[in-house]
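One-based numbering, in listed order, for ligands and for the atoms of each. When reading the values below, keep in mind they use all heavy atoms of this one structure, side chains included, and skip hydrogens, waters and symmetry mates.
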Amino acid sequence: MLYMTRMDVAFPPHLSAAQIADFQAREKEYSGNLQREGTIVGIWRIVGEYANHCLFDVPDNDTLHEVLSGFPMFPYMKIKVTPLAKHPNSIS
Ligand SMILES: O=C(O)CC1=CCC(=O)O1
């Protein structure tokens with residue numbers, strides 16, 4: 001199943017720059033692995049915001065929740081999930 005997500009990142013003010021950099025490095029590694037294995041089909045920065053749109057290909061809701069909650073920055077992200085179905089006009 002395909003899911004489009006929107007993730008908005010908001011770090012709390014008590015985190016140091018070094019702590020934030022560490023979260024970002026671990027996030028990049030986790031995300032890169034998901035992209036290489038095909039779980040993340042695409043990821044885009046939303047222009048002008050600390051947020052992204054990410055397209056996931058996973059078997060079901062439970063798997064998506066497991067993947068999302070594994071992001072190192074999960075505690076600092078608000079995530080909106082949109083499940084996608086085939087459009088009747090799609091030619092692919
Ligand atoms: O948008 C970000 O920087 C946070 C993030 C979530 C998944 C990812 O690769 O980065």
Q: Answer yes or no for Tyr50: is there a heavy-atom contact with ligand 1 below 4.0 Å?
A: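 Flag set, Tyr50 near ligand 1.
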Q. If you measure from each heavy atom of Lys28 to ligand 1, is any distance below 4.0 Å?
A.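 No; Lys28 lies far enough from ligand 1 that no heavy-atom distance drops under 4.0 Å.
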Within the structure provided, determine whether [X] and [Y] are in side-chain contact (heavy-atom separation under 4.5 Å).
| X | Y | result |
| --- | --- | --- |
| Ile43 | Gln35 | yes |
| Lys80 | Thr5 | no |
| Leu84 | Leu55 | yes |
| Tyr30 | Val67 | yes |

Q) With atoms numbered from 1 as shown, which atoms in ligand 1 lie under 4.0 angstrom from a non-hydrogen atom of Asn52? A)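 Counting atoms of ligand 1 from 1, those under 4.0 Å from Asn52 are 1 (O), 2 (C), 4 (C), 5 (C), 6 (C).
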**Q.** Atom indices of ligand 1, in the order listed, that fall short of 4.0 Å to a heavy atom of Met7
**A.**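 Those atoms are 6 (C).
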(Q) Under the criterion ring pair (Phe, Tyr, Trp, His ring centres under 6.0 Å), I'd like the reasoning laid out for Tyr76 against Phe11: C-alpha separation, chi angles, the key distance, then a yes or no. (A) CA-CA 6 Å; Tyr76 308 121; Phe11 288 114; 5.6 Å; yes
Q | Atom NZ of Lys78: over 12 foreign heavy atoms under 6.0 Å | A |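 Atom NZ in Lys78 is not crowded, with 12 or fewer foreign heavy atoms closer than 6.0 Å.
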Q: Give a yes or no on whether Glu66 atom CD has more than 12 heavy-atom contacts from other residues, nucleotides or ligands under 6.0 Å away.
A: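 At most 12 heavy atoms, drawn from other residues, nucleotides or ligands, come within 6.0 Å of this atom.
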What is the nearest protein non-hydrogen atom to [atom], stated with its residue, atom name and distance?
| atom | answer |
| --- | --- |
| atom 7 (C) of ligand 1 | Phe71 CE2, 3.4 Å |
| atom 6 (C) of ligand 1 | Glu27 OE2, 3.1 Å |
| atom 8 (C) of ligand 1 | Ile43 CD1, 3.5 Å |
| atom 9 (O) of ligand 1 | Ser31 OG, 2.7 Å |

(Q) Nearest non-hydrogen contact with atom 2 (C) of ligand 1 belongs to which option: Arg45, Glu49, Gln24? (A)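 Result: the heavy atom closest to atom 2 (C) of ligand 1 is in Arg45.
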